[in-house]
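Take a look at the structure below.
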Amino acid sequence: MNFEFTKEEKEFQEEVCEFIKKESTPEMLKETEDQGEIFGGPEGRKIIKKIAAKGWLTPTWPKEYGGLDASEVVSYMIREEMGYNGLPFGFVAAHMSGPTIIRFGSEEMKKAWLPRISSGEVEFALGYTEPQAGSDLSALKLRAEDKGDHFLLNGNKLFNTSCHIADYHWLAVRTDFDVPKPYKGISMMIVDLKSPGITISPLITMAGWRTNEVVYEDVRVPKENLVGEVNKGFYYLMAALDFERMFPLGIFRRLFDEIVAYAKETIIDGKPLSKKPLIRQKLAQLSIEIEVTRLLYYQLAHILDKGGIPNYQSSMEKTFATELTQRITNVGMDILGLYGQLKEDSKWAQLKGKVERYYLTSVVQTIVAGTSEIQRNIIAQRGLGLPR
Amino acid sequence: MNFEFTKEEKEFQEEVCEFIKKESTPEMLKETEDQGEIFGGPEGRKIIKKIAAKGWLTPTWPKEYGGLDASEVVSYMIREEMGYNGLPFGFVAAHMSGPTIIRFGSEEMKKAWLPRISSGEVEFALGYTEPQAGSDLSALKLRAEDKGDHFLLNGNKLFNTSCHIADYHWLAVRTDFDVPKPYKGISMMIVDLKSPGITISPLITMAGWRTNEVVYEDVRVPKENLVGEVNKGFYYLMAALDFERMFPLGIFRRLFDEIVAYAKETIIDGKPLSKKPLIRQKLAQLSIEIEVTRLLYYQLAHILDKGGIPNYQSSMEKTFATELTQRITNVGMDILGLYGQLKEDSKWAQLKGKVERYYLTSVVQTIVAGTSEIQRNIIAQRGLGLPR
Amino acid sequence: MDYDFNEEQELLKNAAKGFLSKECKPLFVREMEEDTKGITDELWQKMAELGWMGLMFPEQCGGVGGSYLDLIVLLTEMGYSCLPGPFFSTVVLAGTTIMESENEEMKQKLLPEIAEGKMFVTLALTETTAGYSPDMISVKAQKDGNDFIINGTKLFVPDAHIANQIICVARTKEGEKKEDGITLFLVDANSKGIEVTSLKTFAGDKMGEVVFNNVNVSNTNVLGEIDKGWSIIKKVLQKASIGKCAEMVGGGQRALELVLEQATEREQFGVKVGSFQAVQHHCANILTYLDTSRLMTRQAAWRISEGLPCEREVSMTKAWVSDSCRNLIALSHQSVGGTGFMEEHDLQLYFRRTKAAGVYFGDADYHREIVADAIGL
Amino acid sequence: MDYDFNEEQELLKNAAKGFLSKECKPLFVREMEEDTKGITDELWQKMAELGWMGLMFPEQCGGVGGSYLDLIVLLTEMGYSCLPGPFFSTVVLAGTTIMESENEEMKQKLLPEIAEGKMFVTLALTETTAGYSPDMISVKAQKDGNDFIINGTKLFVPDAHIANQIICVARTKEGEKKEDGITLFLVDANSKGIEVTSLKTFAGDKMGEVVFNNVNVSNTNVLGEIDKGWSIIKKVLQKASIGKCAEMVGGGQRALELVLEQATEREQFGVKVGSFQAVQHHCANILTYLDTSRLMTRQAAWRISEGLPCEREVSMTKAWVSDSCRNLIALSHQSVGGTGFMEEHDLQLYFRRTKAAGVYFGDADYHREIVADAIGL
């Protein structure tokens, strides 16, 4: 039993942090925040290419594809530190598409895509959700008709977040329209987002970020862009979730540390807020829950490093961590009181308006990538064998 | 709009409290507590007969049946005060069977039973739950076969709480065995608990109270004991719930007041517990929730007095109040700390061990008379029209 | 017991609902958030013509002679429609302060102007300590002959940017008891030495920093008695707290409707979203928060309106409603799913406003502490 | 990182589970709650023969030379089976105190006796103030030549009724710092002036009031250094806190199994109870409480076992597990329904024990306050 990093891992962690801090620019930090921590903007691409050059974007990949053959613990640690230090930390290509290609893609596809992904050269946008297919992805309708040498795509995607700054769409489409079980007619393909016939329209979230509606009208996709076999897409998609569902708390852990600093520095009634019993209890409780999340998070890496596949544990970590983000921002707003409402560019704003901003963004964390309700179903059904 | 009792109601409330306090004996109070606040023991019967003689057991009933033609507000207030002052406050005959007989019973049945009920002479035991029929009462199986001049009963009831001290069983039985919708084959009847063939076996709860398993073997029940029409029992049963589902918080409100007194009197570290910020917050929050319950509770009476029928509001009051009982006892245990575990007859026990005892009993409040889960289904489906 | 509004109140409610559904659509709400003024003259005048500004002012002051409870009816509907603009600051905060000051001259001078929609007034109460207790009043008003000289900074002053008059809560005496020595001054917003800086808030309402730099005020501009202003502010805070509760209840009602629209229309896994037990239980909890918030708000408003003792009930209500409505909105977002996170979905309006309303005039922790006192702890 | 027990620990766990499932059935647990002694000689001797009492004692003191982590493996299974009796007081409390005292003579004298199951020892720590901070130690030991005279009342002393020896935590000096001036005395339970009164507890464990009335103790019976006993007690409290967490985790595991039995067997409305989403979500929350409690407990136990700094982790864990396991049991009761409220259903055993374990050695509020200090608030 061992709950700490090894000496080497600790040293590596320091190296990562130092490198990030050295290479971070205010422009990159602002871009990341403005875009809702997604990757693909020009500033983010600059620093990520440097990080990728060190193998840190895809540390667990084989060296031949640009990885380090490193452990999952190391990989998880890097992502946590990237989030904590204000970098984008979720990469569709490196963390979802890449592993799927490694596992299910043809040799040609591996050669074509993996080096470009691991070097940080290309980014994908997730192409799952549709207006009528949210929690229930099997209901997706975007049609891909087999036209011999290509597929012809028609339909709509909704809330496909990175499409306006990513290069390719990691797209789930319907290739069989008459199967009795709808999930059996789904395929995965890689689509150039600059393809003729694709219209990307912005949707603005309450947090001020952009997400997108994407309309496909007679878009031609070459056959070689099909991932794995036709009609097996739902299986790939679900398998990827098993491997990749996780939520690094990093950015919110950073916010918590800033709230703690604020409570210690802010004097009301002649003593720091941090000496008020109610505030102490609230912050102590959050620090406990952050520790709980750390254990749940690295448990996933531990399971993978042992050669296993996280079962319900990913759902548990995702749910616990994302619900915690809302408790952190709630307590932050409580502690800031009337100051909590002031926006970044307002006189008297505290912590650069960060608490207010994160308070807004935390709302969606328990909804995207599988709602808390779906996750609890999974925990009960997969983790405890209760009936579907 | 008016959220207070009228002057007359306040005077009446005082009269009720004074009478209860004057007539209460230590034996009665102990018996009530030992039995889990159910009615039927010898001491309880003594005082209830006196209360019934004033019309307070069935205040809303017509005078001809032993009532006062009083408002529901008055009736609700009496029950709340009875609970607060340590009396039994739930009466199957007066509050569930009686109103059903008034609404659905024949003239003969009314004449035969209502005066005996309103005078506190007889008490019924609820006969709904069976081993396989808890939340789903429509699954009940106890067979009542039509034998011409009588019914012949065979089967089992479970958790039928008052059977060992009540006089009659207010029994839901199956009279039609082949209906496609099982709830359509249920009838209600009144059965003398001393009938040959009835075996009542004790089941002890974790709170130390007794409830019962009741076995019917070839028990003969006269036809005139059928309530209303045959096979309409489920309808009567559900209608009664609409009218009578409520939870007077009284006994737990009393416990809260005693915990508050304890917190004010107990000096730790040189100051009363009631001056500790965390304890102040917890007790203040409970006092708020008790106030919320008061409003929900009298809302039911208000709706009835306006001539309406509470829809989802009874489920809401029941759920809120019973979940609050658990919060009250939890906070009480927190405040008592190590003392909380000491039982009544132990040296150093505080508040006569009441907190520990109520902590145990509060567990079942969110389960009996419809679990919180069932209540929330009702609130969503009836209150908001969501699909069944 | 009678939990219901009377017939006139029901009429007022329906009229307000009808009017606001036409004049204060969600798009307008969003526009006003971006607008520097935060209200249109047109809407303000229409509201004045409906008698809303003067609803609870006496008839002899140009008002309708309604009760505080009538005002609550209105505020609930304003919360339902997210009405922007200075109604709360001018009518609820300033109007109440002027009424409670029992200064007939001031009432005659100011209330008709407010009632006719010709004047914006606000209350400058909180400071950088951002709290509502009397010990947090440090802005000083120094006597200077028949005048007073005010110095200091007021923060989070609602609608300060458009106020014609500002009621400044200032300290005129240092006493042992912190509630002694506080005086209310009516200050012309154009007075020399006043500087207003607008603050951008996440709820989109308009707040200002108001700096008083040697601002000269005549002693005829004192509202209430010198040094005894806090007793007025206490009453204002009670009415304002319950006013915010009414807004939250109105907003909660709308949030529930938005959830039900989604739950009864959207399908997932072949059935309506609203048929999932998890969604049903979220909805049941939403309804419980809403109903209990409404009942508590009505009771407190009724007690205030009747002049009954109400300190305990007001703080119970503000604590309960602030917490409950925040929970209600969180459950609403969870039930609606991704769509509800979009700017164009109205739920976000209620998310932001409910959070702000929960903090104004004391959050739940603050009011629970008052309740603890009130129940003798 | 390695979250798993090693092979020997897995073996120990399975052996303990097997043994307790035979020797400590629920019926036996109930009998022992009523039994005055609370344990049978037979079971105690069998446990001694398995080496459990001496598991973490050094081999030269008749022990097995295991680690604290090994003990946690055992305590988890004891929690799973609700093991009654004085194992916790004799081994975890007293055994640890003796080990930490680093008094070789005492260790040689007492540990082998404990390991062989021949001696019950307990720790008399808390008093009528019922708290775990050093300022709550008021029982006095007055120097009298080479002896000390102890006077005062200890409360909530576990298994005092059968203890052969009592370690009394007494004040020998009044200092500025409350943790100075505390000394630990090994007192023969049969000493003149000791009076033990059994207390009836709702968890069914045996607690006592121990009154010291001019009890004479030789200075050779001091454990650790005079006036410096609190540093030992601090370590004992850490090990005891996490020991209780292990018991709660074991109990939580059993509670979950009881829920699943019901959920997969019982039908209502024509389907298994466990197919209702509300029940599934209760179960998901139960599993989350259980897994996180287990992880936190393992981490804290590992840190203690390795001699790493652990104050923060211990208090985090005790706070988290106390709250979580109480919630876990409440959800379990709600999921099982009426049957679970019956005395004959085992869930009630866990309900009572979990609540008691949550309070022993500091409840969640108490430990959160320590965490607040530890994170620099």
Side-chain angles (χ1 to χ4, degrees), chain A residues 129 131-139 158-159 182 203-211 266-269 276 278-279 282 323 326 329-330 333-334 336-349 353 355-357 359-368 371-374 376-377, chain C residues 126 128-133 135-136 153 155-156 197-205 207-209 266-271 273 276-279 281-282 326 329-330 333-345 347-349 351-352 355-356 358-360 362-366 368-369:
Chain A
T129 304
Q132 78 298 339
S135 288
D136 179 15
L137 283 179
S138 72
L158 196 67
F159 306 148
L203 293 168
I204 305 302
T205 69
M206 60 187 264
W209 300 338
R210 175 173 173 178
T211 179
T266 305
I267 315 284
I268 299 278
D269 273 345
K276 292 199 164 188
L278 293 187
I279 290 179
K282 288 180 185 179
E323 292 183 351
Q326 290 167 2
T329 56
N330 260 310
M333 289 295 274
D334 285 350
L336 263 65
L338 284 170
Y339 286 100
Q341 67 190 308
L342 297 180
K343 290 181 84 75
E344 181 172 12
D345 47 357
S346 192
K347 192 177 175 185
W348 292 101
V355 180
E356 168 267 324
R357 218 156 53 245
Y359 181 65
L360 291 167
T361 69
S362 68
V363 168
V364 84
Q365 309 294 352
T366 52
I367 295 168
V368 289
T371 63
S372 293
E373 289 72 23
I374 293 285
R376 288 196 167 87
N377 287 356
Chain C
T126 46
T128 60
T129 43
Y132 294 96
S133 52
D135 54 303
M136 299 210 169
T153 299
L155 208 55
F156 308 112
T197 308
S198 283
L199 307 171
K200 279 188 80 172
T201 72
F202 94 118
D205 48 1
M207 293 289 215
E209 175 204 50
R266 182 173 169 79
E267 290 194 1
Q268 289 283 275
F269 304 102
V271 295
V273 167
F276 288 100
Q277 200 180 19
V279 175
H281 284 197
H282 284 339
R326 174 150 93 169
I329 300 287
H333 262 126
Q334 197 59 31
S335 304
V336 170
T339 314
F341 188 61
M342 293 300 109
E343 199 282 330
E344 67 179 2
H345 195 281
L347 196 50
Q348 55 95 1
L349 300 174
F351 176 84
R352 293 185 286 119
K355 178 67 191 88
V359 177
Y360 295 150
D363 66 7
D365 286 349
Y366 171 84
R368 270 191 291 266
E369 181 59 29

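Any value given below was found using the heavy atoms of this structure, including those in side chains, with hydrogens, waters and symmetry copies removed. None of these values were measured; they are calculated from a predicted model. Throughout, a chain's letter reflects where its sequence line sits, starting with A, and its residues are numbered from 1.
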key: Winner by heavy-atom pair count (cut-off under 4.5 Å) against chain C, out of R357(A), Q326(A), K282(A)   = K282(A)

task = Could you look at D334(A) and say if it's the side chain, the backbone, both or neither that has a heavy atom under 4.5 Å from chain C?
result = both

message = Could you measure the distance from the CG atom of L199(C) to the CD atom of Q341(A)? Nearest 0.5 Å is fine.
response = 8.0 Å

key: Best-contacting candidate, L360(A), L278(A), T371(A), D269(A), against chain C by heavy atom pairs under 4.5 angstrom   = L360(A)

inquiry  = Only pairs of heavy atoms separated by less than 4.5 Å count here; which of K200(C), H333(C), M136(C) has the most with chain A?
reply    = K200(C)

remark   = Looking only at E209(C), M207(C), R352(C), Q348(C), most heavy-atom pairs under 4.5 Å shared with chain A are made by E209(C)

remark   = Value for CZ (F269(C)) from CG (N377(A)), rounded to nearest 0.5 Å, stands at 8.0 Å

message = Is F341(C) close to chain A through its backbone or its side chain, or both, or neither, when contacts mean heavy atoms under 4.5 Å?
response = both

task = Supply the atom-to-atom distance I367(A) CD1 to T339(C) OG1, rounded to the nearest 0.5 angstrom.
result = 9.0 Å

inquiry  = Heavy-atom cut-off 4.5 Å, strictly under: side chain, backbone, both or neither for P131(A) against chain C?
reply    = backbone

ask   = Between T211(A) and chain C, which part of the residue has a heavy atom less than 4.5 Å away: side chain, backbone, both or neither?
value = side chain

task = Side chain from CB out, backbone as N, CA, C, O: work out which of these in I279(A) comes under 4.5 Å of a heavy atom of chain C, or both, or neither.
result = neither

query = In terms of heavy-atom proximity below 4.5 Å to chain A, should A130(C) be classed as side chain, backbone, both, or neither?
reply = both

Interchain contact, A133(A) with chain C, by part (heavy-atom threshold 4.5 Å) = backbone

key: Closest heavy-atom pair and its distance - T201(C), K343(A)   = O-CD, 3.6 Å

inquiry  = Is L155(C) in contact with chain A via its backbone, its side chain, both, or neither, using a 4.5 Å heavy-atom distance?
reply    = side chain

query = With a 4.5 angstrom heavy-atom cut-off, which part of K276(A) approaches chain C: side chain, backbone, both or neither?
reply = neither

ask   = Which bit of V364(A) is near chain C, if near means a heavy-atom gap under 4.5 Å: side chain, backbone, both or neither?
value = both

query = If you count heavy-atom pairs under 4.5 Å between each of K355(C), R266(C), E267(C) and chain A, which one has the most?
reply = K355(C)

Pick from T266(A), D345(A), L203(A) with the largest number of heavy-atom pairs that fall under 4.5 Å of chain C = D345(A)

request  = Side chain from CB out, backbone as N, CA, C, O: work out which of these in N330(A) comes under 4.5 Å of a heavy atom of chain C, or both, or neither.
outcome  = both

task = Indicate the atoms forming the closest heavy-atom contact of L338(A) with F156(C), along with that distance.
result = O-CE2, 3.4 Å

query = Taking every heavy-atom pair that is under 4.5 Å apart, which of H282(C), R326(C), H345(C) has the most such pairs with chain A?
reply = R326(C)

remark   = To the nearest 0.5 Å, atom CZ of F202(C) lies from atom OH of Y359(A) at 6.0 Å

task = Not counting sequence neighbours, which residues clear salt bridge (charged side-chain N to carboxylate O under 4.0 Å, His left out) with R368(C)? List them please.
result = D323(C), D365(C)

task = Name the member of E356(A), E344(A), E373(A) that forms the most heavy-atom pairs with chain C at distances under 4.5 Å.
result = E373(A)

query = Nearest 0.5 Å, what's the CD1-OG1 distance between I268(A) and T128(C)?
reply = 7.0 Å

request  = Using non-hydrogen atoms and a 4.5 Å limit, figure out which bit of Q268(C) sits close to chain A: side chain, backbone, both or neither.
outcome  = both

key: chain C contact via L137(A) - side chain, backbone, both or neither, heavy atoms under 4.5 Å   = neither

query = Can you tell me how far CD of E344(C) sits from CD1 of I204(A), rounded to the nearest 0.5 angstrom?
reply = 10.0 Å

